[in-house]
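Below is one structure, written out as structure tokens; the observations come after it.
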Protein chains: 2
Amino acid sequence: MKKAEATRLNILQKSFEFIYARGYQNTSIDDILATTQVTKGAFYYHFKNKDEMGLAIINELMKPALTKSFIEPLQNIKNPLDAIYNLIHLLLMENDFLKVEYGCPAANFTQEMTPWNKDFSEALGEIIQEWMKVMTNVIENGKKSGYIHKDVKAKQVAFFVISGYWGIRNFGKLENSKKVYVPYLKELKNYLNTLK
Amino acid sequence: MKKAEATRLNILQKSFEFIYARGYQNTSIDDILATTQVTKGAFYYHFKNKDEMGLAIINELMKPALTKSFIEPLQNIKNPLDAIYNLIHLLLMENDFLKVEYGCPAANFTQEMTPWNKDFSEALGEIIQEWMKVMTNVIENGKKSGYIHKDVKAKQVAFFVISGYWGIRNFGKLENSKKVYVPYLKELKNYLNTLK
DNA sequence: TCTCAATCCTACCAGTTAGTATGTTGTTGT
DNA sequence: ACAACAACATACTAACTGGTAGGATTGAGA
């Protein structure tokens with residue numbers, strides 16, 4: 001059971017990197033086989049077809065990664081506005097798993113596969129809903145603890161922040177430079193300060 | 001000269017719709033030929049290859065469309081904050097050329113082709129830079145006319161607003177519903193009001 | 001009306017795609 | 001030690017991909 005699991009995981013990880021860099025449709029199974037040194041028979045032993053592998057990437061790799069990088073930094077914090085800013089700063093400027101030239105994996109997947117693959121959309125939707133939920137909670141708690149003004153609508157803010165994050169990721173991709181992140185982050189800080 | 005031009009334009013328009021809905025890589029030349037009723041010979045008479053057609057779509061269709069729908073509404077206006085809000089509202093809620101389920105054509109193209117096709121990136125970059133420039137000017141003028149606080153950094157705001165627009169387009173695509181646009185627009189209005 | 005280039009058409013090709021059929025090898029429990 | 005199944009390997013296919021070769025048709029100017 002051990003080695004087979006390793007083979008499967010290897011396929012998922014290498015495939016993710018390929019897809020993150022080049023897109024799902026533009027990553028062929030032969031590409032994956034070449035980098036993993038896995039044969040076609042082995043691939044189709046582990047996955048019924050390409051889409052099942054794509055779904056496994058979302059559920060088994062991206063979902064845990066989101067929890068670790070996008071959600072944990074929002075937990076056990078004092079000042080929610082600082083926490084949100086620090087999280088976005090961390091994701092944009094310091095996380096070296098996410099590459100500026102390739103954008104946001106979840107956003108890429110969404111843009112490429114929605115609305116043509118319902119399973120993908122649903123799996124991605126769950127991931128994003130999770131982030132939304134946690135961020136909304138953080139803001140609500142901030143209202144209770146006085147860090148955030150009571151009139152602030154938590155869900156609206158969460159939508160606004162996450163949209164901005166997705167958009168600036170696309171901007172960075174277009175310009176192929178983290179330079180655009182700087183003015184975005186400054187304005188994000190200004191915006192968050194207005195919520196006090 | 002007339003009919004040939006019509007053929008070319010027909011190819012561009014139908015191709016744009018296909019690509020907007022399904023992506024560039026996932027739109028085959030045979031797909032285009034089928035819907036346009038144009039033969040392969042005619043296609044390759046008008047375009048050296050698929051990429052040249054893709055570039056023509058950006059430069060000859062998307063660029064003018066951007067000017068008309070994204071830039072003109074920002075010209076000859078009084079209150080710049082209202083103008084920006086109204087523009088985004090128009091684009092998200094009323095423009096029936098842009099479909100919620102397909103997102104933003106420029107963002108889609110960017111995400112799919114960058115960083116693999118330099119020509120595409122440059123052409124798309126020009127389009128976005130144009131929008132950025134106009135929006136920055138609008139904000140600067142608003143500072144002079146007193147509608148916007150003098151401390152506001154125009155370019156930062158433009159980055160912030162455009163990023164949000166791109167992001168919420170992706171959100172709409174994921175949820176396949178304009179519902180998500182509503183909280184986003186409310187918070188956009190709140191944000192813009194803080195710039196007074 | 002004739003010419004000739006612009007425009008379009010048909011048949012084809014070599015490469016790539018996801019997926020399958022039919023095996024062989026490795027491992028595990030008894 | 002051996003049966004039985006998990007795990008992997010090889011060779012293949014049918015459909016599709018972007019692109020080309022070479023010929024047919026059209027229309028505008030002489």
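Note on naming: letters A, B, ... go to the chains in the order of the sequence lines (proteins, then strands), and numbering restarts at 1 for each one. Here the structure is a predicted model, which is why all the values come from computation and not from measurement.
- Note: CZ (B:Phe43) to P (D:dT20) measures 12 Å, nearest angstrom.
- Mapping B:Thr39 and A:Gly41 onto DNA chain C by nearest heavy atom places B:Thr39 at the nucleotide closer to the 5' end.
- A pairwise comparison of heavy atoms in B:Cys104 and B:Trp166 identifies SG-NE1, 3.6 Å as the closest pair.
- Counting to the nearest Å, the C1' atom of C:dT7 and the CZ atom of B:Phe47 are 14 Å from each other.
- In the hydrophobic clustering of this structure, A:Trp116 groups with B:Tyr24; members are Ile, Leu, Val, Met, Phe, Trp, Tyr whose side-chain heavy atoms approach within less than 4.5 Å, directly or through other members.
- The interatomic distance linking B:Lys48 (NZ) with C:dT7 (C1') rounds to 20 Å, in whole Å.
- Residue-level contact check: A:Tyr44 touches the bases, meaning some heavy atom is under 4.0 Å from a base atom.
- Summarising the local packing, NZ of A:Lys63 is surrounded by more than 12 heavy atoms from other residues, nucleotides or ligands at distances under 6.0 Å.
- At least one side-chain nitrogen or oxygen of A:His46 sits closer than 4.0 Å to the OP1 or OP2 atom of D:dC8.
- As a whole-Å value, the separation of A:Asn49 CG from C:dT17 P is 17 Å.
- Atom NZ of A:Lys50 and atom P of D:dA15 are 20 Å apart (whole Å).
- The CD-P distance, from A:Gln37 to D:dC8, rounds to 14 Å in whole Å.
- Residues B:Tyr165 and B:Tyr184 share a closest heavy-atom pair of N-OH, 3.3 Å.
- Annotation: B:Lys133, atom NZ; neighbour count of heavy atoms from other residues, nucleotides and ligands within 6.0 Å does not exceed 12.
- The distance between atom CG of B:Asp51 and atom P of D:dT17, rounded to the nearest whole Å, is 16 Å.
- Residues of residues 16-34 of chain A that place a heavy atom closer than 4.0 Å to DNA chain D do not occur.
- One donor-acceptor pair, N or O on each side, does fall under 3.5 Å between the base of C:dG19 and the side chain of A:Lys40.
- Note on A:Phe109 and A:Met53: same hydrophobic cluster, where clusters join Ile, Leu, Val, Met, Phe, Trp and Tyr whose side-chain heavy atoms are under 4.5 Å apart, directly or indirectly.
- Listed pair B:Tyr45 / C:dC8 fails the phosphate criterion, with no side-chain N or O lying under 4.0 Å from OP1 or OP2.
- When the side-chain nitrogen and oxygen atoms of B:Thr7 are compared with OP1 and OP2 of C:dT7, none of them lie within a distance under 4.0 Å.
- Heavy-atom neighbours of B:Lys143 NZ from other residues, nucleotides or ligands within 6.0 Å: above the threshold of 12.
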